[in-house]
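Just dropping this structure here.
Reminder, nothing fancy here: chain letters follow the sequence lines and each chain counts from 1.
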Amino acid sequence: MESGTTSNNFLRTLIAEDLKSRKVTQIVTRFPPEPNGYLHIGHAKSISVNFGLAEEFGGICRLRFDDTNPEKESQEFIESIQADVAWLGYSWEGPVRFASSYFDTLYRWAEHLVEQGKAYVDDLSPDEAREYRGTLTEPGRNSPYRERSVDENLDLLRRMRAGEFADGERVLRAKIDMAHPNMNMRDPILYRIRKAHHHQTGDAWPIYPTYDFAHGQEDAIEGVTHSICTLEFEDHRPLYEWFIANLPVESQPRQYEFGRLNTSYTVTSKRKLKQLVDESVVASWDDPRMPTIAGMRRRGYTPAAIRHFCEMVGTSRSDGVVDVAMLEHAIRDDLNQNAPRAMCVLNPLKLTLRNVTEAHPAIVAPAHPSKPELGERELPFSNTLYIDADDFREEANKKFKRLVLGKRVRLRNAYVIEAVGVEKDAAGEIVGVVADLIEGTLGNDPEDGIKPKGVIHWVEAGSAVKATIRLYDRLFTDPAPDRGGADFMTLLNPEALRVVEGALVEPGAAAAGAEIRFQFEREGYFVADRFDHRHDAPVFNQTIGLRDVWADKA
RNA sequence: UGGGGUGUCGCCAAGCGGCAAGGCACCAGGUUUUGAUCCUGGCAUUCGGAGGUUCGAAUCCUCCCACCCCAGCCA
C-alpha cells in the first residue's frame, strides 16, 4: 500500500472503534457473490474492501457463495469467481463457504419462526401478492391466509419442504407489518417453491430461502462481525436485524453499506455485459475490452494496480462515477515501475545503414531505464533495420522530433543516424530510408556537436519477429453509457479494437511467456496474450498507451 | 403527498466547532537516449441553498432544493 497516502473512511473509523471498545476482538468479513456471472471492476472494489479491511485490522475474510437461487447459478461461475479473487491476490480464510450448506439450519429457523407465530404460509399467487403489498405511498393489506394457526402453518411448511406443492403455489412469509413504510418489512417472503436442481445440493430441496432470509443468518453462522454490502441493501437492514433478533443465532453480525463503484466509459450491469457478449460486440467475457476481472487480466492490468485503484478511489456512502482515467493512471503507474522495456515497430519502414556491415555486434540495453536490477537484454544490430513509418518524413517543421531527410535522430539504445536518401516505389510511396550511422555515438553525443532531433525505436530486420498487436481503446465513446438516454449499444467505440498484423518485435519480447508484460517504448504497455501468444507467432494486447501530451497538439 | 440515503474543486475524497488533506484531470516551467517517467509550481476566501446558534460552523439547529435506492416468489 502507498506510504501514508491512504485516506481515512467511515469503515476504518468504525472498525477501529469496535476494536478499541472491545465490541469485537477480531473482525470477520466476507465477500458474498452469487455465482451467476463474471466478476467485474465493481466486484473488485467490494473484494478490496472486505479482504482489505480484514487484512488491515488483523481479521479474517471468507469467500461465501450466496447460492440461494439455483436457476441462475452454475459451477462455471463458482470457478471463475474463485480464480478472479485469487488472481487479485487475496486468499480467503478456510474453505470456500456456501449458503446452501446452511439450508438445514435455515429451514429449522423457518420452523422456529412459524412456531413463534412470526411466519406463515401464504397461498396468494405472485400477482395477488403484489396487489396486496400496496405501493410506495399506500399501505398493503393483510393476506387472507395471514392468521392461519401455528399447526396449520407448520404442516403446510413441512409439506412445502416435502415437495407436495407446485412451484409458486405457496410461500413462507414473515409476519411483520403490511402497512410498514419500508416495503421490505411488508411480510417479506422467506421461502419459495422451486423444484430446481441445485449445483451444490442437487435435488434435495424443492424450496429455497430468499436473500433476505439467508444472508444475515449466514453471517451469524459464520461469525461475521461486519457484513459489508452496497447501498441498495440499506433498506433491507431493518429486516436483517429483525431476523437476527428473532432467531436463536449464535452471533450478532451488523450490516454496513458503502457506495458501489462506477467508472466512466463503462457498463457493469450483468444484462448489458451479457448483451455485449451475446451480440458479439466483444469476443467473450474475458475479452480485453470488458470491465470484467478476467477481461482486465487479459488486457494486461495488474492485480496490484487494480487494488491500488480501489484504494485511491476511497470508500464512502455517496454514489458517483469515478473517472476511468484514474484506473488508467494506476495501471500506468504500476507498469512504468515494473514492466521491462522492449521495442516493437507497428508500421515497419525499412532503414538501410549504408556505412554499416551486415554483421554488427549486438547492442546491450537495460531492461528498464531506472531499474538496473531488472537486468539487460541483447539487441541484434545490422545494416538493415525497421523503424516506424510515422517516425520518418522527407520534410518537417521543427516540432517534428523524429527522423527527417538530411537530419539526425537517435535510435533508442543505439546510435545516432542521419537520413541521406529515400527509396520509393513506382507509385511514389516511400518504401525505405537510407541513412548513415554516426560513429562514436553509442552512449555519446556526436563529436561534431550536431545533436539528434529526437529518439525513435527500431528493430533489426533479420532477428525481429513478426507479431500481431491488438490495440485497445475504451469500449464506449460516451462517459456515461449507462445513463438512460441513448441506448448504450449506440455508444460503442468502433475503434475499441484495432488489430495490427505486420508488427515487428525484438526477439526477446517474442520469446516471453504468456501474460508477461512489457513497455514497448514510445508505444505503450503490452501483455503477451494469455491464450493466443506463441513464440513464433507473438500476440500482444495493448494494456494502455503511454500518456501523450503531444497527441493533443498534433 | 411513503420510507431510506447522498450532496466539499471538472472527477473521486479527507474533514466531525477553530478558521478547506490528498489523488486523478488540467495548466505553466525544469530534467530526460521513451514527445514517457521524474521534479517544481499553479488549481475551492469556499463546503447544494437560505436562515439561525456561537467569539468562531463544511462541521450544531431549522427550513428548502437536487440526485440515488425501494412496490422480484432476484441478489
Sugar-phosphate, base or nothing in reach of A330(A), heavy atoms under 4.0 Å: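 Counting heavy atoms under 4.0 Å across all strands, no contact is made by A330(A).
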
Sub-6.0 Å ring centroid separation between Y145(A) and Y120(A): no

Touch class at under 4.0 angstrom, heavy-atom based, for R410(A) against every strand present: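 Touches a base.
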
Sugar-phosphate only, base, or nothing, as touched by R173(A) at under 4.0 Å among non-hydrogen atoms: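 It contacts nothing in the nucleic acid.
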
Sugar-phosphate only, base, or nothing, as touched by V322(A) at under 4.0 Å among non-hydrogen atoms: sugar-phosphate

Sugar-phosphate only, base, or nothing, as touched by G168(A) at under 4.0 Å among non-hydrogen atoms: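 It contacts base atoms.
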
In rG51(B), glycosidic geometry as syn within 90° of 0 or anti otherwise: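 For rG51(B), whose glycosidic angle is more than 90° from 0, the conformation is anti.
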
Touch class at under 4.0 angstrom, heavy-atom based, for Q337(A) against every strand present: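 Result for Q337(A) = nothing.
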
Touch class at under 4.0 angstrom, heavy-atom based, for S264(A) against every strand present: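 Contact class for S264(A): none.
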
Ring-on-base stacking rA75(B) with Y211(A) (under 5.5 Å, under 30°): no

Euclidean distance, atom CG of residue D323(A) to atom P of rG10(B) [Å, nearest integer]: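 Taking atom P of rG10(B) as the reference, CG of D323(A) is at 13 Å.
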
Rounded distance (Å) that lies between atom P of rG3(B) and atom NE2 of H236(A): 18 Å

rA25(B) pairs with, by Watson-Crick or G-U criteria that keep both distances under 3.5 Å: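 Its partner: none found.
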
Assigned partner base of rG51(B), Watson-Crick or wobble definition, under 3.5 Å: rC61(B)

Interatomic distance at P, rU62(B) relative to rU6(B), whole Å: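 The answer is 16 Å between these two P atoms.
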
